[in-house]
Colleague: 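First the structure, which I've put down as structure tokens, then a few questions once you've had a look.
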Amino acid sequence: MEVIAETAGLVQGYRGRVVIRGLDLRIGPGRLGLLGPNGAGKTTLIRTLATVVPPRAGSLAICGERVDSERAARNARRNIGYLPQDFGYYPRFSIYDFVRYCAWLREVPGALAHEETTRAIAAVGLADRARDRLGSLSGGLVRRAGIATALVGQPRLLLLDEPTAGLDPAQRVDFRELLRSLPDVAVVLSTHLVEDVAAACDSVAVMNEGHLVFTGTSGALQAAASPSARGSSGFERGYMTLLDERMAAR
Amino acid sequence: MVAYRIELRRSPLRWWIPLLAAVTFAVMFTARGGSWVGVWPQASSAAELSAMYLAPLLAAVAAWAAVRSSQRGVTEILTAAARPRWRVEASQLAATLSYGLGIYVLAAAVAAAVSARLAGPGFLWPAYIALGAAVLAICAGVGHVVGRLSRSRFAVPAICGLALFVFLNYLSAPAESGPAGQEYSSQVLQNLQFAGAGAPWQVFRTPALVVRLALGAAAVVIAVAALNPWRRPAWSRRSWRPVVVVGVIVCLAAGLAALISAGPLLTERAVTIRPVCTAAAPRMCLWPEDRKYLPQLAAISRRLATLPPGLVAVPRQFHEQSLLLDKGTPVVVPGSFADIMGGGDLPFAIADMAAGIVSTTFPHACAAQPGTPPYNAWLNLTNWLTLRAAGNLAVAPPPAPGGDPAAAARIVRQPEASQVAWVQQQEKDIRNARCPA
């Protein structure tokens, strides 16, 4: 398997608190759903993979290059599309300008930038509203514009933190289809919505208290489900079984 | 260029252009009652003066625009960018500066356009325009830095703009706003000056101008490149805060030291050109840039020529300030007049001429004690001459301080014979002065 992102012995935290403890993860092309309860370290892992925060210990490599300095991080960022959980935007930006600006931030070559911007906007279904200002859009539409900023420039690693928050059911279905249509890209989808992962992801990673407690396919997670576990689907019951086991182990 | 164009489109300055332009043009056209129109150095000064008001506003808006990068979520996007942060800041500041400089250049172009018909040969003085641009760059840079360091969207930008306004228009401006704008409360403040008054006999000193232009460039570079002391670069192991804080203090101190050590902004202009003069005696000679005032001065000359003969000694020629040289050094002699920039009916110039006439008439008069009859007579005579030279002015020239201005104003309306008798009495008082041993 081609490895696009890799962490080894990754330790991460904020101030005195350790959030991720010795995490080893190899991410290849395909869609990886990142699940876990609040405080499990999902957002911290995503931010680390986005090179926004350097590892406290351990190593990080993106596209085979070790990321251990600001210069290396900047190089890596050209291959990373990142949609933060709380992504900020300037209300006066039009959708086109916002996505085009993010393409510029990612150093997408100028000759490709317009075409890439248009493609990313079309991919999230906003082609006919490209000139609308972000401040005039609903939360769901702004979210889709945010997804377009992550997609622009065809990054090798796409990091999406709660991308479907604020989307209506139809938009979520569209979003899952969009994810499935992305070829040769490593997508890490961090979410609380288990059904999104079940529908759109090839593999699943479950985090709890800074540890990776499960990595495998969706089918393997369903197979791990205990008959007595809570949940409305096999996938959900598998996820809940993992968490319950961890709770019991404590 | 892409980011620059996007920043131009989304800059809040787009919405502030009408206000900024209105302030700029209002300041420019009300400067010195609009008398600058038709005099190139004064038109240059008026354009630059508009920058002194535009710049603090620009600083406030620059701070406001820069604060947006500190908004929640935006910082995350910028931190995750491959593009170096200074490029992001540069494109934003470039957009801010473009709007500010655009308004300023437009104001200067309007000043040139309205002056061209009256002013004759010449053009705006580039040093003034460059100095105004430097002021704009300094203020935009300071505002941008303040915005980067702050999270306050309104209070901090407003305070920043206000502080710069006070500095530019009070601390570094004339303490007593005489018409020539040359009187400063101290030498240090004079060295902090950022505006010239537009006098044709003064030019900017090169070192002082260069320092100000360099400060403008430095402010822009610092605004773009400076690290935020409150936000350490993500991959840096060192804390930058002490370095940045010390750096800011050093830069401020260095800028201040450079300004002070560069000396005063203005110096006397070398007289290397032929003055323009009225034809009839007494001749009134001006710096060529002031040629617009020749008709008024010709009228004054005619009025002085009709003074009762033998009463006073009118110099054969009057010169605008610094036009007379003694071995290359400008000298002030009876007949020199300054403050022609008062414009309109030239009240200050007339008062100078009147004083010059009295000095020429009584070259050996000794200095009388204030309040004594000779002292009051000297001032009365000066006031009378001022009113005679001014003719039927809507606004009378300022009377010389002391004496009896009301008496002069009353006498000047009386028949010529009465005036002659009154003047002769004043002259008698002056001659009777007892000089101290």
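Each chain gets a letter, A, B and so on, in the order the sequences are listed, and its residues count up from 1.
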Colleague: Taking the side chain as every heavy atom from C-beta outward, state whether B:M1 and A:W104 have any atom pair closer than 4.5 Å.
Modeller: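 Contact flag for B:M1/A:W104 side chains = no.
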Colleague: For A:Y101, run the side chain to side chain contact (heavy atoms under 4.5 Å, CB included) check against B:I77, B:V2, B:V88 and tell me which one passes.
Modeller: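 With A:Y101 as partner, B:I77, B:V2, B:V88 yield a single side chain to side chain contact (heavy atoms under 4.5 Å, CB included), made by B:V88.
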Colleague: Within the supplied structure, the quantity of interest is the number of heavy atoms (other residues, nucleotides, ligands) at a distance under 6.0 Å from A:D184 CG; does it exceed 12?
Modeller: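 No, CG of A:D184 has 12 or fewer neighbouring heavy atoms, counting only those of other groups under 6.0 Å.
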Colleague: Take a 6.0 Å sphere around NE2 of A:H192 and say whether it holds more than 12 heavy atoms from other residues, nucleotides or ligands.
Modeller: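 More than 12 heavy atoms, drawn from other residues, nucleotides or ligands, come within 6.0 Å of this atom.
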Colleague: So which part of B:R5 gets closer than 4.5 Å to some heavy atom of chain A, the side chain, the backbone, both or neither?
Modeller: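 For B:R5, there is no contact with chain A at all, as no heavy atom is under 4.5 Å.
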Colleague: So what's closer than 4.5 Å to chain B heavy atoms on A:F87: side chain, backbone, both or neither?
Modeller: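 For A:F87, the contact with chain B is made by backbone and side chain together.
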Colleague: Which of the residues A:A50, A:A73, A:S69, A:A76 is involved in the greatest number of heavy-atom pairs with chain B at under 4.5 angstrom?
Modeller: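 Highest number of pairs under 4.5 Å: A:S69.
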Colleague: Main chain of B:T79, side chain of A:R77: is a donor-acceptor contact present, judged purely on distance under 3.5 Å?
Modeller: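 Checked: pair present.
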Colleague: Does atom CZ of B:R9 have more than 12 heavy-atom neighbours from other groups under 6.0 Å away?
Modeller: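 Yes, because the 6.0 Å sphere around CZ of B:R9 holds more than 12 heavy atoms from other groups.
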Colleague: Can a salt bridge be assigned to the pair B:R10 and A:D97 using a cut-off of 4.0 Å between side-chain N and carboxylate O?
Modeller: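 No.
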Colleague: At a 4.5 Å cut-off on heavy atoms, which part of B:S69 comes close to chain A: side chain, backbone, both, or neither?
Modeller: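 When you check distances to chain A, atoms from both the backbone and side chain of B:S69 fall under 4.5 Å.
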Colleague: Do you know which two heavy atoms are closest between B:E76 and A:R47, and how far apart they sit?
Modeller: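 Distance-wise, the nearest heavy atoms are OE2-NE, 2.6 Å.
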Colleague: Considering only heavy atoms, which portion of B:P84 lies under 4.5 Å from any heavy atom of chain A: side chain, backbone, both, or neither?
Modeller: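 For B:P84, the contact with chain A is made by backbone and side chain together.
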Colleague: Taking all non-hydrogen atoms of both residues into account, name the closest pair between B:I6 and A:R100 and its distance.
Modeller: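 Looking at all heavy atoms of both residues, the closest pair is CD1-CG, 3.8 Å.
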Colleague: For the residue pair A:R78 and B:A82, what are the closest heavy atoms and their distance?
Modeller: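 Distance-wise, the nearest heavy atoms are CG-CB, 3.7 Å.
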Colleague: A:R133 versus chain B, heavy atoms under 4.5 Å apart: side chain, backbone, both or neither?
Modeller: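 When you check distances to chain B, only side chain atoms of A:R133 fall under 4.5 Å.
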Colleague: Would you give me the side-chain donor-acceptor pairs under 3.5 Å for residues 52-68 of chain B, sequence neighbours excluded?
Modeller:
residue, atom, partner, partner atom, Å
B:R68, NE, B:A65, O, 3.0

